[in-house]
Novice: 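Submitted below is the structure of interest, expressed as C-alpha cells.
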Amino acid sequence: MRAINRQAILVKKKQPFVDWLTFTSKTHDPPEHQTEFTLAYVNSEHNIYLIEDIEVLDIAYEYIETLKPSLFEAELSGWYNANASHLWPQDRSNDVFDQWFEIEFHSMVIDIEKYRLKKDKHQFGW
C-alpha cells in the first residue's frame, strides 16, 4: 500500500439536482424511461475526482472554485451526455453548483493494489 499525491473530492447531489433530473426525464424521455428520481437513488453512487494534493484546506476550496464549471458538466453528463447538453440548465454558475451539489474532501488517497495506475482513454477535456 502506498499513499498517492492526490486528494479525492466526492460530489454529492442535492435536491435541486434531483428536481432537474426528474423534470428532464418526464419531459424528454420516452414514457417507458420516465422516472421519479429520489435523493437517495441519485446519491447511491458518487463520482470521485482526484485533485492535486493541497495541504491547506482554504487553498483547496479556492482551487475547487475554479473546477466547479467542469465538475458541473461532468455530473450532468453522467445522466444526459454532451449530445443532450441542450437539456442541461443554462445557469451553471458556481452559485448554482453550490445549490445542486456538496463537495466532500478526502485528504488521504491510498493505492492498495500492486498494479500500476492506468489512465482511461475517456477524457473530459479539462
Novice: Fit a plane to each ring of W20 and W100, take the angle between them on a 0 to 90° scale, and name the class: parallel (under 30°), tilted (30 to 60°) or perpendicular (over 60°).
Specialist: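 It falls in the tilted class, 30° to 60°.
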
Novice: L71 vs F101, test: side-chain contact (heavy atoms from CB on, under 4.5 Å). Steps then yes/no.
Specialist: CA-CA 10 Å; L71 292 171; F101 304 100; over 6 Å; no

Novice: Nearest 0.5 angstrom please: N94 CG to Q99 CD, how far?
Specialist: 11.5 Å

Novice: Pair T35, T22 - check side-chain contact (heavy atoms from CB on, under 4.5 Å), show working.
Specialist: CA-CA 6 Å; T35 305; T22 297; over 6 Å; no

Novice: If the condition is salt bridge (Lys or Arg N to Asp or Glu O under 4.0 Å), which residues does D98 pass it with, not counting sequence neighbours?
Specialist: K68

Novice: Name all residues meeting the side-chain contact (heavy atoms from CB on, under 4.5 Å) criterion together with R6; count only those two or more places apart in sequence or in a different chain, and write none if there are none.
Specialist: I4, L50

Novice: According to a 4.5 Å side-chain heavy-atom criterion applied to Ile, Leu, Val, Met, Phe, Trp and Tyr, with indirect links allowed, do L39 and V11 form part of one hydrophobic cluster?
Specialist: yes

Novice: Is there a path of hydrophobic side-chain contacts, each under 4.5 Å between heavy atoms, that joins I9 and I59?
Specialist: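 Per the 4.5 Å side-chain linkage, I9 and I59 are co-clustered.
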
Novice: With side-chain contact (heavy atoms from CB on, under 4.5 Å) as the test, would you mind laying out the steps for K26 and E36 before giving the verdict?
Specialist: CA-CA 8 Å; K26 289 183 180 217; E36 181 78 34; 2.8 Å; yes

Novice: With a cut-off of 6.0 Å (strictly less than), are more than 12 heavy atoms of other residues, nucleotides or ligands near CZ of F105?
Specialist: yes

Novice: Can you sort out the partners of E55 under side-chain contact (heavy atoms from CB on, under 4.5 Å), two or more places apart, ordered by chain and number?
Specialist: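 Partners of E55 under the side-chain contact (heavy atoms from CB on, under 4.5 Å) test: none.
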
Novice: Are V56 and L67 co-members of a hydrophobic cluster defined by side-chain heavy atoms under 4.5 Å apart?
Specialist: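 Yes, one cluster joins them.
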
Novice: Where does the angle between the aromatic ring planes of F37 and W79 fall among parallel (under 30°), tilted (30 to 60°) and perpendicular (over 60°)?
Specialist: perpendicular

Novice: About how many Å separate CZ of R92 and CZ of F97, when rounded to the nearest 0.5 Å?
Specialist: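 Going from the CZ atom of F97 to the CZ atom of R92 covers 13.0 Å.
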
Novice: Assess the residue pair Y80 and L21 against the criterion (side-chain contact (heavy atoms from CB on, under 4.5 Å)); give the C-alpha distance rounded to whole Å, side-chain angles, the decisive distance to 0.1 Å, and a yes or no.
Specialist: CA-CA 9 Å; Y80 289 96; L21 190 57; 3.7 Å; yes

Novice: Just by modelled atom types, is the A74 backbone N or O under 3.5 Å from a matching donor or acceptor in the S77 side chain?
Specialist: yes

Novice: Which residues pass the side-chain contact (heavy atoms from CB on, under 4.5 Å) test with N81, not counting sequence neighbours?
Specialist: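 side-chain contact (heavy atoms from CB on, under 4.5 Å) check on N81 returns N83, A84.
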
Novice: Under a 4.5 Å cut-off applied to non-hydrogen side-chain atoms, are V96 and P16 in contact?
Specialist: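 With C-beta onward as the side chain, the pair stays apart.
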
Novice: Would you check if there is a donor-acceptor pair between the side chains of D91 and S93 at a distance under 3.5 Å?
Specialist: yes

Novice: Between F17 and L76, is there a side-chain heavy-atom distance shorter than 4.5 Å?
Specialist: yes

Novice: Can you find a heavy atom in the side chain of V18 that is under 4.5 Å from one in the side chain of Y41?
Specialist: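 With C-beta onward as the side chain, the pair stays apart.
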
Novice: Each residue besides Y115 in its hydrophobic cluster should be listed here, by chain and number; the cluster joins Ile, Leu, Val, Met, Phe, Trp and Tyr at side-chain heavy-atom distances under 4.5 Å.
Specialist: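 Once heavy-atom contacts under 4.5 Å are chained together, Y115 still belongs with nothing else.
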
Novice: Please enumerate all residues that pass side-chain contact (heavy atoms from CB on, under 4.5 Å) together with K12, with sequence neighbours excluded.
Specialist: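 Once residues adjacent in sequence are excluded, the partners of K12 under the side-chain contact (heavy atoms from CB on, under 4.5 Å) criterion are L10, N43, H46, E102, E104.
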
Novice: Quick one: does I112's side chain get under 4.5 Å of I110's, heavy atoms only?
Specialist: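 Answer yes - side chains close enough.
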
Novice: Spell out, yes or no, whether L57 and I48 are grouped together once hydrophobic residues are joined by side-chain heavy atoms under 4.5 Å, including indirect joins.
Specialist: no

Novice: Cut-off 3.5 Å, side chains only: do Q15 and D19 have a donor facing an acceptor?
Specialist: yes

